[in-house]
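Side chains included, hydrogens not; waters and symmetry mates left out as well; all remaining heavy atoms used. Just so we're clear, the structure is a prediction, and the values are computed from it rather than from any experiment. One-based numbering, in listed order, for ligands and for the atoms of each.
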Amino acid sequence: MYTQSMDLPQGQPGELRAVPADAASADAEARFDERVAADRKVEPQDWMPDAYRRTLVRQISQHAHSEVVGMLPEGNWVTRAPSLERKAILLAKIQDEGGHGLYLYAAAETLGTSRDQMIAALHSGKAKYSSIFNYPTLTWADMGAIGWLVDGAAIMNQIPLCRCSYGPYARAMIRICKEESFHQRQGFDIMLALCRGTPEQKAMAQDALDRWWWPVVMMFGPSDADSIHSAHTMKWGIKRISNDELRQKFIDATVPQAELLGLTIPDPDLKWNAERGHYDHGPIDWDEFWRTVNGNGPCNRERLAARVRAHEKGEWVREAALAHAAKARARAAKAAA
Ligand code: BYC
């Protein structure tokens with residue numbers, strides 16, 4: 001779907017072109033504000049403020065990197081899935097995450113930033129990816145917890161992004177959310193099977209919930225008071241719902257699911273507040289969050305090293321694809337002559 005958006009005026013095939021800021025006429029900014037206020041999509045060929053472009057590239061590339069790095073903790077369990085069916089499902093899910101990364105890199109490319117630039121920023125440690133993928137996957141129940149909780153949190157965060165003001169990002173999110181919903185169900189299904197199984201299996205499910213709960217609650221980002229980007233991203237219609245509101249929605253939706261599984265959420269302060277109509281929760285360990293975001297979580301180094309290794313090992317594939325494309329172009333040119 002993005003190849004159409006990439007087809008910008010005066011561009012050569014394969015060349016990234018975005019309308020430069022200095023192409024703006026005097027009233028371009030007013031037209032941009034009007035468009036956003038009227039909830040009409042901003043498209044790649046439209047004029048946009050530089051700060052809007054930069055913030056989109058930051059968020060979309062961070063999101064794309066999260067999808068791709070997010071393949072690693074699950075990839076760790078493909079060979080150890082307990083049945084052929086579970087293996088096939090897990091493989092399909094991981095493959096979906098790679099696809100999500102691809103849609104998102106393509107959406108960011110429409111803003112004039114190449115995939116090579118984004119990947120170089122990830123590999124040099126400059127670009128972020130979601131904190132959640134820096135935690136280890138120790139047992140099969142972690143595959144259930146990731147699907148149920150991590151994908152569950154991702155859906156909560158991503159559904160509002162389907163209404164994001166930037167067209168290519170919003171359209172990518174629609175497809176991604178459909179797939180995430182399947183991912184969430186497969187995770188819950190793993191948890192349900194374990195909770196209906198032997199006492200050891202149920203204990204494994206509880207242990208996974210104990211380890212993943214707080215990192216997932218943190219996934220929504222810093223509290224609203226500390227969210228440096230929210231004011232702008234909300235004004236521009238990129239973000240529609242704040243970090244804390246999404247976190248609360250996630251907790252409210254997940255508590256009954258844990259009850260159905262017969263599992264205990266590891267938060268002694270978690271209780272229904274009838275006055276607010278929401279669950280109250282205990283304090284979040286923001287030191288742990290920032291430690292992980294800043295590169296010092298349990299698996300940050302391992303994850304980045306695995307990505308860099310995979311990229312280097314894939315060099316020959318990229319070279320072969322480019323060589324093949326060049327030969328095909330030459331053949332087509334010869335045939336046309
Ligand atoms: N981890 O001002 P704030 C998936 C950073 S993958 C790391 O609130 P913003 C899946 C933030 O970037 C789903 N960093 O920022 C895949 C900023 O730093 P910079 C991933 C975080 O952008 C495989 C600083 O903290 N989802 O579902 O307004 C298998 C201040 O934050 C995090 C997305 O990427 C974090 N958790 O709001 C299974 C969704 N949180 O950039 C599942 C798209 C915050 O200034 N992204 N930071 O250096 C967003 O919605 C927003 O970017 C966030 C943060 C809500 C994450």
Side-chain angles (χ1 to χ4, degrees), residues 51 54-77 90 92-101 103-104 107-108 121-122 125-135 137 142-162 164 166 169-170 172-173 176-177 179-184 186-187 212 214-236 238-247 250 284 286 288-297 300 303:
R54 276 198 309 275
T55 212
L56 275 170
V57 170
R58 179 190 63 78
Q59 177 166 327
I60 303 173
S61 75
Q62 183 251 51
H63 194 165
H65 298 328
S66 303
E67 299 283 357
V68 173
V69 177
M71 297 165 80
L72 297 170
E74 293 180 311
N76 192 28
W77 277 89
L90 185 62
K93 177 188 190 291
I94 297 170
Q95 203 171 351
D96 283 353
E97 310 297 0
H100 297 174
Y103 314 152
L104 289 164
L122 172 70
K126 216 174 109 204
K128 290 189 165 71
Y129 59 88
S130 181
S131 50
I132 195 70
F133 302 116
N134 293 306
Y135 290 85
T137 43
D142 289 10
M143 296 305 96
I146 289 184
W148 172 37
L149 301 172
V150 176
D151 286 275
I155 295 172
M156 205 52 96
N157 163 277
Q158 291 174 177
I159 293 277
L161 291 173
C162 297
C164 159
Y166 188 58
Y169 191 25
M173 291 321 305
I176 291 175
C177 282
E179 293 177 353
E180 297 291 18
S181 147
F182 153 74
H183 296 171
Q184 201 259 355
Q186 70 84 37
W212 287 92
W214 287 108
V216 167
V217 166
M218 292 173 197
M219 232 182 114
F220 292 90
S223 68
D224 292 351
D226 295 323
S227 170
I228 47 171
H229 298 294
S230 282
H232 278 102
T233 47
M234 304 271 282
K235 183 187 91 178
W236 284 325
I238 297 171
K239 213 179 204 175
R240 300 283 179 168
I241 305 182
S242 81
N243 297 1
D244 285 335
E245 279 177 88
L246 286 172
R247 192 175 355 258
F250 169 78
I284 296 171
W286 291 117
E288 176 181 330
F289 173 74
W290 289 116
R291 225 177 15 254
T292 309
V293 168
N294 292 324
N296 297 308
N300 293 60
R303 298 287 184 244

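Between His63 and the options Tyr103, Tyr169, Tyr129, a side chain to side chain donor-acceptor pair (under 3.5 Å) holds for only Tyr169.
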- Query: Should Asn134 and Thr292 be marked as a side chain to side chain donor-acceptor pair (under 3.5 Å) after you check the CA-CA gap, both sets of side-chain angles, and the distance that decides it?
  - Reply: CA-CA 7 Å; Asn134 293 306; Thr292 309; over 6 Å; no
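Under the rule for a salt bridge (charged side-chain N to carboxylate O under 4.0 Å, His left out), Glu180 has no partner lying at least two apart in sequence or in another chain. With sequence neighbours excluded, no residue satisfies salt bridge (charged side-chain N to carboxylate O under 4.0 Å, His left out) with Lys128.
Distance check: Ile159 CD1 to Asn157 CG gives 10.0 Å after rounding to the nearest 0.5 Å.
Sorted by first and then second residue, the salt bridge (charged side-chain N to carboxylate O under 4.0 Å, His left out) pairs with a member in residues 217-227 form an empty list; sequence neighbours excluded.
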Below 3.5 Å only, please: the N or O atoms of ligand 1 paired with protein N or O atoms, distance on each line.
unit_1, atom_1, unit_2, atom_2, d
ligand 1, 1 (N), Ser131, N, 2.8
ligand 1, 1 (N), Ser131, OG, 3.4
ligand 1, 2 (O), Ser227, OG, 3.1
ligand 1, 2 (O), Ile228, N, 3.0
ligand 1, 2 (O), His229, N, 2.9
ligand 1, 8 (O), Ser227, OG, 2.7
ligand 1, 8 (O), Asn243, ND2, 2.9
ligand 1, 22 (O), Arg58, NH1, 3.2
ligand 1, 22 (O), Arg58, NH2, 3.1
ligand 1, 28 (O), Lys239, NZ, 2.7
ligand 1, 34 (O), Gln62, OE1, 2.8
ligand 1, 36 (N), Ser131, OG, 3.1
ligand 1, 36 (N), Met219, O, 3.0
ligand 1, 37 (O), Lys239, NZ, 3.1
ligand 1, 41 (O), Arg58, NH1, 2.9
ligand 1, 45 (O), His229, NE2, 2.6
ligand 1, 48 (O), Lys128, NZ, 2.5
ligand 1, 50 (O), Asn157, ND2, 3.0

